[in-house]
Amino acid sequence: MTDPDRSTRQAGATDAVLTLPGPMPDGPVGVTLGLDIGGTGLKSALVAPDGTVRYESRCPTRAQDGPDAVLRTVLDHAAETLAKARAEGEDVRAVGIASCGLVDEDAGTVVFSASIQWRDLPLRRLASEHLGLPVALGHDVRSGGLAEARLGAGRGHRVVLFVPVGTGVGGALLLDGKPFPGSHWRSAEVGHVVTRPDGDPCPCGQRGCLDTIAGGVAVARRYNERRGTPPPVSGAEEVAKRAAAGDPAAVRVWEEAADAMAQTLLTAVTLFDPAVLVLGGGLSQAGEQLRAPLRRGLERRAAFQALPDLVFARLGERAGRIGAGLLAWDLVRASEGVRT
């Protein structure tokens, strides 16, 4: 099967990093289907036992048409992809789904997702019934972190903190290559750590969350407010470019965002003691413009803490669907009595 998504990969997300040591001769064979459900797009991949990707595709979620339309899109896309894979002779063993929102992985339920309007949706059961295959359900950020921990920038480390910085600031804690969701599926929500108690209100109900300072939406908004003259910028990437060019307002907003991130992430380092902190998401494309002030902020604040390596994600926007495929392989191995 061809790879129509190859031209849209982010820089650094190369095939060379999509490998693990191959399976033993008596290990599992075939592929799994990994699905990554976002607010606007659905991405899929066929994932081999060693983590290599055989095929990728994507389609809109149709979120504007309501929650039922999103569910139909997911199930229909998965069924079509399975049919194509089987027509090419692929043995698809299981399906993994990574969903945005609040996900109860044990129950197989999307508890709530504002962007696609799902509430208490038993997605694992519905998908398994529709597709006739075992299904694993995970959270999109934790699934992306899983892929980075096993295949990407966190590979070889026991404790990995994955922090994607895009529209907001996400977080996932990986222990021995497995996601740690916490008791109520809310672990490592670094974007909602209150960093400035007197700061701006956050949609979560608190004030001064990291998201309101360092998330992409917040960075663009804060720059437009500080600059005060039209035309406004549409995204944080433009703020980063203007900061690099020396625009005083952009420099100030960018520095404030990096400083707030450093303050919050030192708290995470204090609690979790990760060996590596993997920066992902769209704003990580700023490279050293983000990492350098973040590292300085961490070093300035650190006392007894052992600071982790600060590295960039390698799998880019592919991480969620690859991680979903890995979750499905964990399900296959567990059913065969193989430890993961």
Side-chain angles (χ1 to χ4, degrees), residues 98 100-103 113-115 138-149 152-154 157 159-175 178-197 199-219 222 236 254-284 286 290-291 293-302 305-313 319-320 323:
C100 57
L102 180 60
V103 178
S113 179
S115 59
H139 183 264
D140 57 349
V141 174
R142 286 194 287 272
S143 297
L146 168 64
E148 286 292 344
H157 297 284
V159 184
V160 176
L161 182 61
F162 176 56
V163 180
V165 188
T167 302
V169 184
L173 182 64
L174 294 304
L175 305 178
K178 297 181 180 180
F180 178 76
S183 298
H184 304 94
W185 332 291
R186 293 166 171 85
S187 73
E189 287 281 0
V190 296
H192 293 289
V193 173
V194 174
T195 306
R196 304 286 186 267
D200 295 329
C202 179
C204 78
Q206 302 182 119
R207 298 188 70 92
C209 291
L210 180 62
D211 264 7
T212 68
I213 304 167
V217 170
V219 168
R222 288 164 63 83
W254 192 261
E255 288 178 345
E256 289 172 351
D259 188 68
M261 281 190 64
Q263 179 180 337
T264 301
L265 292 181
L266 184 66
T267 299
V269 168
T270 304
L271 294 172
F272 304 137
D273 190 25
V276 62
L277 196 160
V278 180
L279 292 172
L283 287 190
S284 70
L290 175 64
R291 180 163 63 178
L294 182 54
R295 182 187 289 115
R296 288 195 299 269
L298 287 168
E299 291 173 346
R300 185 174 69 251
R301 289 178 168 87
Q305 297 90 344
L307 294 182
D309 292 337
L310 196 59
V311 301
F312 292 114

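The shown structure was predicted, so the numbers you read here are calculated from the model rather than taken from an experiment. For the single chain, residues carry numbers from 1 onward in sequence order.
Between T167 and D211, every side-chain heavy-atom pair lies at or beyond the 4.5 Å cut-off. The shortest side-chain heavy-atom distance between V141 and E189 does not fall under the 4.5 Å cut-off. Between E148 and V160 the shortest side-chain heavy-atom distance does not fall below 4.5 Å. A 4.5 Å side-chain heavy-atom check between H192 and C202 finds at least one atom pair inside the cut-off.
From L310, atom CG reaches atom CD of E299 across 9.5 Å, with rounding to the nearest 0.5 Å. Atoms CZ and CG, on R186 and L102 in that order, are 4.5 Å from each other to the nearest 0.5 Å. A distance of 4.0 Å separates CG of L210 from OG1 of T264, quoted to the nearest 0.5 Å. Taking NZ of K178 as the start and CG of L146 as the end, the distance is 10.5 Å to the nearest 0.5 Å. Taking OG1 of T212 as the reference point, atom CZ of R207 lies at 9.0 Å (rounded to 0.5 Å). Distance check, rounded to the nearest 0.5 Å: CG of L294 to CD of Q263 gives 12.0 Å.
Nearest heavy atoms, A147 versus G323: CB-N, 3.7 Å. The two atoms that bring A313 and F162 nearest to each other are CB-CE1, 4.3 Å, heavy atoms only. Heavy-atom minimum distance, A302 versus L307: CB-CD2, 3.9 Å. Residues G216 and A236 approach most closely at O-CB, 3.5 Å, considering heavy atoms. For A268 against V190, the heavy-atom pair with the smallest separation is CB-CG1, 4.4 Å. Listed here is the closest heavy atom pair of Q305 and V269: CB-CG1, 4.2 Å.
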In a table with atom names and distances, give each donor-acceptor pair under 3.5 Å that connects a side chain of residues 272-279 to protein atoms at least two apart or in another chain.
none

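Looking only at distances, a side-chain donor or acceptor of S187 sits under 3.5 Å from a matching main-chain atom of F180. A donor-acceptor pair under 3.5 Å is formed between the side chain of T195 and the backbone N or O of V193.
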| request: List the steps and the verdict of side-chain contact (heavy atoms from CB on, under 4.5 Å) for V159 and L174. | output: CA-CA 6 Å; V159 184; L174 294 304; over 6 Å; no
| said: Apply side-chain contact (heavy atoms from CB on, under 4.5 Å) to residues D259 and R300 and explain how you reach the verdict. | reply: CA-CA 10 Å; D259 188 68; R300 185 174 69 251; 2.6 Å; yes
